[in-house]
S.K.: 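Okay, here's the structure, questions in a sec.
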Amino acid sequence: MAEQQSLTSDAPVVLLFRHDLRVNDNRALYAAAQTGKPVIPVFILDEHSDDVRPVGGARRWWLHHSLTALETSLKALGATLLLKRGATQNIVDRLLDETAADMVLWNRRYDPPGVDTDRNLKSELGRRGLTAESFDGHLLHEPYLFKTGTGGFYRVYSPFWRAFSAGPDPRDPVSAPDGLKPYDGPTTSDRLKDWQLLPENPDWAKGFAADWTPGERGAQDKLAAFLDDAIGYYGNDRDKPAVEATSRLSPHLAHGEITPFQIWHALKAPDLAAEGQGTDKFRKEIGWREFSYHLLFNNPHLATRNYNASFDEFPWQNKADDLQAWQRGLTGYPIVDAGMRQLWQTGWMHNRVRMITASFLIKHLRIDWRKGEAWFWDTLVDADPASNATSWQWVAGSGADAAPYFRIFNPMLQGDKFDPMGHYVRAFVPELKNLPDKFLHVPWLAPENILMEAGVVLGGNYPHPLVDHQAARQQALIAYARIRKGSEAF
DNA sequence: TTGCGGTTGAT
DNA sequence: TCAACCGCA
């Protein structure tokens, strides 16, 4: 069919890029090459279509560098990437006018505004008799594929994962095309630097580049390094933030520099068979990403509305000073502060510590989970509309498949258990680095002389605990008890 | 309908 | 052991 079209028309094909910034396993790109038509690749920064949530600050930094990498990859294939900013439909309309293209291809998105925008685009193009086709790539399975026995969506992860595991095998990745036929007509493109994606305060992103290489190559390097080594101890050490035992693929996945299909396929390598436990656990985490999209797809307002409406009555305190102390890593609880500072300095936080810091914000400070979700959205290089919303609601207890309300993380115990040597805390809270292990997670319990020897001044160079753990825990339990009674209380 | 079980915990 | 609930087959 593709060949037939190339015989009948040499009109160009427009290829949309959004969060699929790669040339390998890019089915839309592959299909565009197959047509034999000139290809016009265009990245659209759409912050104008209905309900679109603007890209957060950390992801803007990433996007800047990833687009630079993509531009280079496409150039090597013979095509020039155009940069356009605005509502998708308007951008495409103008491009079709300018270039007389008769075909538009893209890889599917699964965030609700993206779904709506692309659905409208497809029907509009179809109405005009143009070819519009979308492809998979972001998820192993469409988020509506799995249904419970009664035909609904899954609310609980375990049954979802059972259904997923019994489902069809994910396809194999497709290779990059050998080349693209260039489009020679006149085109216009924004200049990347005019988008000002890099932060105004350059100090903020200074630490990002040490940890991350945005782009397809950086993604493949991270995957190779993970499969080479860390996956062997992923099962045991993935909860220890001081150990490099996780894949660190999340920002690359979020920007579509690597696909879950490529990861899934790589996990089938024979020499990984010996790492059975690690690979199974890791697949299950990929499954969480799929589950989060399954939930978001079926609950478009997951990032802004309590899944469980009884939480609308939750007595949040929302103290501005407390929120700011949390954001800056100045709560006085070392494991919490280390996490928040890792986030600020590197654009990423270890998964275990995300739970600890989120639980602290919600349960110890009783600040609405949406404030935390928004902060993570702005500061995480891997900010993902599905995972972020699902995980915050999970910790709050307001979501589908929530943690029990009485499960309140104890930051001291979590610190002792998962950072027993204190390497993580010392790396990100250097003012405590000379404290002995025994007091590292509880500096306020250290005797005066120990504090003095370590150069720690509570209330001076490190804060007193913002709240007392036991008291805050009791208050949280009371607050949760109140909404559990529901309307009875009124 | 009924029975089972529920990512990540604390006391 | 903690309280009780609700998703799922």
S.K.: With heavy atoms of chain A within less than 4.0 Å as the criterion, where does contact along DNA chain C begin and end?
M.R.: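 Reading along DNA chain C, I get C/dA3 to C/dA9.
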S.K.: Who are the side chain to side chain contact (heavy atoms under 4.5 Å, CB included) partners of A/Arg155, not counting sequence neighbours?
M.R.: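 A/Phe153, A/Tyr307, A/Ala400.
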S.K.: Strictly by salt bridge (charged side-chain N to carboxylate O under 4.0 Å, His left out), give each pair with a member in residues 165-176 of chain A just once, sequence neighbours left out.
M.R.: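 The answer is A/Asp25-A/Arg171, A/Asp136-A/Arg171, A/Asp172-A/Lys268.
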S.K.: Check side chain to side chain contact (heavy atoms under 4.5 Å, CB included) between A/Pro300 and all other residues, then give those that pass, not counting sequence neighbours.
M.R.: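 If we apply the side chain to side chain contact (heavy atoms under 4.5 Å, CB included) test to A/Pro300, skipping adjacent residues, the hits are A/Pro112.
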S.K.: For residues 315-327 of chain A, which side-chain N or O atoms pair as donor and acceptor with protein atoms under 3.5 Å away, sequence neighbours left out?
M.R.:
{"residue": "A/Gln317", "atom": "NE2", "partner": "A/Leu365", "partner atom": "O", "Å": "3.3"}
{"residue": "A/Asn318", "atom": "OD1", "partner": "A/Asp368", "partner atom": "N", "Å": "2.9"}
{"residue": "A/Trp326", "atom": "NE1", "partner": "A/Thr357", "partner atom": "O", "Å": "3.0"}

S.K.: Need one value for A/Phe406: base, sugar-phosphate or nothing, where a base atom within 4.0 Å counts as base even if backbone is also close, heavy atoms only.
M.R.: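 It contacts base atoms.
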S.K.: For A/Thr117, check side chain to side chain contact (heavy atoms under 4.5 Å, CB included) against everything at least two apart and list the hits.
M.R.: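 A/Thr117 satisfies side chain to side chain contact (heavy atoms under 4.5 Å, CB included) with A/Asp46, A/Ser49, A/Thr88, A/Arg109 once adjacent residues are dropped.
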S.K.: Hey, could you give me each pair passing salt bridge (charged side-chain N to carboxylate O under 4.0 Å, His left out) that has a residue in residues 58-67 of chain A? Not counting sequence neighbours.
M.R.: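 For residues 58-67 of chain A, and leaving out neighbouring residues, the salt bridge (charged side-chain N to carboxylate O under 4.0 Å, His left out) pairs sorted by first residue read A/Glu47-A/Arg60.
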S.K.: Tell me the stems DNA chain B sits in, counting at least three consecutive Watson-Crick or G-U wobble pairs, each under 3.5 Å on both distances.
M.R.: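 Stem segments, range with range: B:2-6 with C:5-9.
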S.K.: Touch check for A/Asp239, heavy atoms < 4.0 angstrom, all strands: base, sugar-phosphate only, or nothing?
M.R.: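 If one applies the 4.0 Å heavy-atom cut-off, A/Asp239 turns out to touch a base.
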S.K.: Which of residues 347-367 of chain A have a heavy atom under 4.0 Å from DNA chain B?
M.R.: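 Under 4.0 Å from DNA chain B: A/Asn351, A/Arg352, A/Met355.
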S.K.: Of all of residues 285-295 of chain A, which get a heavy atom below 4.0 angstrom from DNA chain B, listed by number?
M.R.: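 Contacts with DNA chain B under 4.0 Å: A/Glu285, A/Trp288.
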S.K.: When you list every nucleotide of DNA chain B with an atom under 4.0 Å from a heavy atom of chain A, which one comes first 5' to 3', and which comes last?
M.R.: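 The footprint of chain A covers B/dG6 to B/dT11.
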S.K.: Can you name the residues that form a side chain to side chain contact (heavy atoms under 4.5 Å, CB included) with A/Ala386, not counting sequence neighbours?
M.R.: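 So A/Ala386 forms a side chain to side chain contact (heavy atoms under 4.5 Å, CB included) with A/Ser292, A/Tyr293, A/Leu296, A/Asp384.
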